[in-house]
Amino acid sequence: MLGIKEIEKIIPHRHPFLLIDQIEELEPGIRAVGHKAVSFDEYYFRGHFPEEPVMPGVFIIEALAQTGAVAILSLEENKGKTAYFGGIQSAKFKRKVLPGELLKLEVEIIRQKGPVGIGKAVASVNGQIAVLAELTFAVG
């Protein structure tokens with residue numbers, strides 16, 4: 001299991017934009033499973049939305065991308081590099097993510113050619129799918 005300090009050694013993201021708290025499963029270059037404990041104190045809840053706080057969908061996608069980046073950047077040949085967004089395909093938002101929930105983040109690298117690849121991404125809460133997407137990345 002990787003905590004925040006270990007995650008920070010792999011990806012360049014830092015507070016307040018590091019959106020994963022831990023990685024519980026890691027197969028370098030293949031897949032990663034992580035978690036984000038969604039706290040009511042998250043800065044975006046002050047404006048999204050004050051009467052009904054909901055984690056913004058773009059932040060869920062970013063948390064998934066960071067999880068995928070841990071998988072791809074944990075390969076020896078990618079250490080010290082950055083994984084950049086290349087695209088988001090077929091993103092589907094299935095349920096809201098609310099303060100107090102534990103967001104499970106799963107990314108499997110399904111294709112890669114050179115520095116470009118695609119990850120199949122699933123975010124869920126208590127076994128209920130919140131987001132499904134395919135994320136394209138480029139390692140640079």
Side-chain angles (χ1 to χ4, degrees):
M1 185 172 321
L2 304 177
I4 289 173
K5 294 294 181 194
E6 292 83 14
I7 294 167
E8 287 179 340
K9 290 177 183 173
I10 300 170
I11 63 174
H13 303 78
R14 298 294 181 266
H15 179 78
F17 206 67
L18 179 60
L19 298 176
I20 46 179
D21 297 324
Q22 68 180 24
I23 296 291
E24 70 174 26
E25 295 177 36
L26 177 61
E27 294 178 62
I30 298 171
R31 69 187 294 269
V33 178
H35 289 99
K36 164 73 176 155
V38 182
S39 165
F40 188 74
D41 291 332
E42 306 288 345
Y43 68 92
Y44 45 78
F45 285 139
R46 289 180 291 205
H48 197 270
F49 300 100
E51 299 301 316
E52 182 189 1
V54 176
M55 186 175 186
V58 296
F59 281 79
I60 300 169
I61 293 287
E62 176 63 27
L64 286 163
Q66 290 179 19
T67 303
V70 169
I72 204 70
L73 297 177
S74 61
L75 286 169
E76 191 61 40
E77 62 265 26
N78 292 333
K79 288 191 191 254
K81 296 182 180 178
T82 300
Y84 296 99
F85 251 130
I88 303 168
Q89 293 85 32
S90 66
K92 296 202 179 357
F93 298 87
K94 304 281 195 176
R95 85 183 284 289
K96 296 185 277 188
V97 177
L98 307 173
E101 294 185 321
L102 183 65
L103 185 61
K104 184 175 184 179
L105 306 157
E106 302 174 77
V107 179
E108 178 183 358
I109 308 305
I110 57 173
R111 285 190 293 280
Q112 187 170 3
K113 184 173 183 178
V116 177
I118 295 176
K120 177 183 172 189
V122 179
S124 61
V125 176
N126 294 324
Q128 296 178 328
I129 294 174
V131 175
L132 296 169
E134 282 191 2
L135 308 176
T136 302
F137 63 87
V139 176

Co-membership, hydrophobic cluster, residues Val139 and Tyr84, 4.5 Å side-chain: no

Lys113 atom NZ, neighbour heavy-atom count above 12 within 6.0 Å: no

Sidechain-backbone polar pair: Glu42 side chain, Ser39 backbone, donor-acceptor under 3.5 Å: yes

Co-membership, hydrophobic cluster, residues Val107 and Met1, 4.5 Å side-chain: no

For Glu76, all residues meeting side-chain hydrogen bond (donor to acceptor under 3.5 Å, both in side chains), sequence neighbours excluded: none

Rounded distance (nearest 0.5 Å) linking atom NZ of Lys94 with atom OG of Ser124: 13.0 Å

pair Ile118-Thr136: side-chain heavy atoms closer than 4.5 Å: yes

Closest heavy-atom pair and its distance - Tyr44, Pro56: CD1-CD, 3.4 Å

Smallest separation among heavy atoms of Ser74 and Leu26, with atom names: OG-CD1, 3.8 Å

Side-chain touch Leu105/Val33, heavy atoms, less than 4.5 angstrom: no

Flag, side chain of Arg14 to backbone of Glu8, donor-acceptor distance under 3.5 Å: yes

Side chains of Ile61 and Phe85 in contact at under 4.5 Å (non-hydrogen atoms): yes

Closest non-hydrogen atom pair between Val97 and Ala130, with its separation: CG2-CB, 3.8 Å

Spacing of CD belonging to Glu106 relative to CG belonging to Leu132, to within rounding of 0.5 Å: 10.5 Å

Side-chain heavy-atom pair Leu102, Lys104 within 4.5 angstrom cut-off: no

Results of salt bridge (Lys or Arg N to Asp or Glu O under 4.0 Å) for Lys81 - residues two or more places apart only: none

His48 side-chain N/O to Met55 backbone N/O, donor-acceptor pair under 3.5 Å: no

Residue pair Val131 / Phe93: nearest heavy atoms and the distance that separates them: CG2-CD2, 3.4 Å

Parallel, tilted or perpendicular: rings of Phe40 and Phe45 (30°, 60°): parallel

Side-chain touch Ile129/Val122, heavy atoms, less than 4.5 angstrom: yes

Minimum-distance pair of heavy atoms, taken over all atoms of Thr67 and Gly34: CG2-N, 4.1 Å

Ile4: which of Ile23, Leu18, Ile20 passes side-chain contact (heavy atoms from CB on, under 4.5 Å): Leu18

Side chains of Val125 and Leu103 in contact at under 4.5 Å (non-hydrogen atoms): yes

Distance, nearest 0.5 Å, that separates CD1 of Ile11 from CD1 of Ile72: 13.5 Å

Hphob cluster co-occupancy, Leu135 + Val58, side-chain heavy atoms under 4.5 angstrom: yes

Donor-acceptor pair, side chain of Gln66 and main chain of Phe17, under 3.5 angstrom: yes

Backbone of Gln89 reached by a side-chain donor or acceptor of Glu134 within 3.5 Å: no

Single-linkage hydrophobic cluster, 4.5 Å side-chain cutoff, Ile88 and Ile60 together: yes

For Ala69 against Ala83, the heavy-atom pair lying closest together: CB-CB, 4.0 Å

Donor-acceptor contact below 3.5 Å, side chain Glu6 vs main chain Gly3: yes

ILVMFWY network linking Leu75 to Ile10, side-chain heavy atoms under 4.5 angstrom: yes

Atom pair CG/CD1 of Leu19 and Ile7 - distance to nearest 0.5 Å: 11.0 Å

pair Gln128-Glu101: side-chain heavy atoms closer than 4.5 Å: no

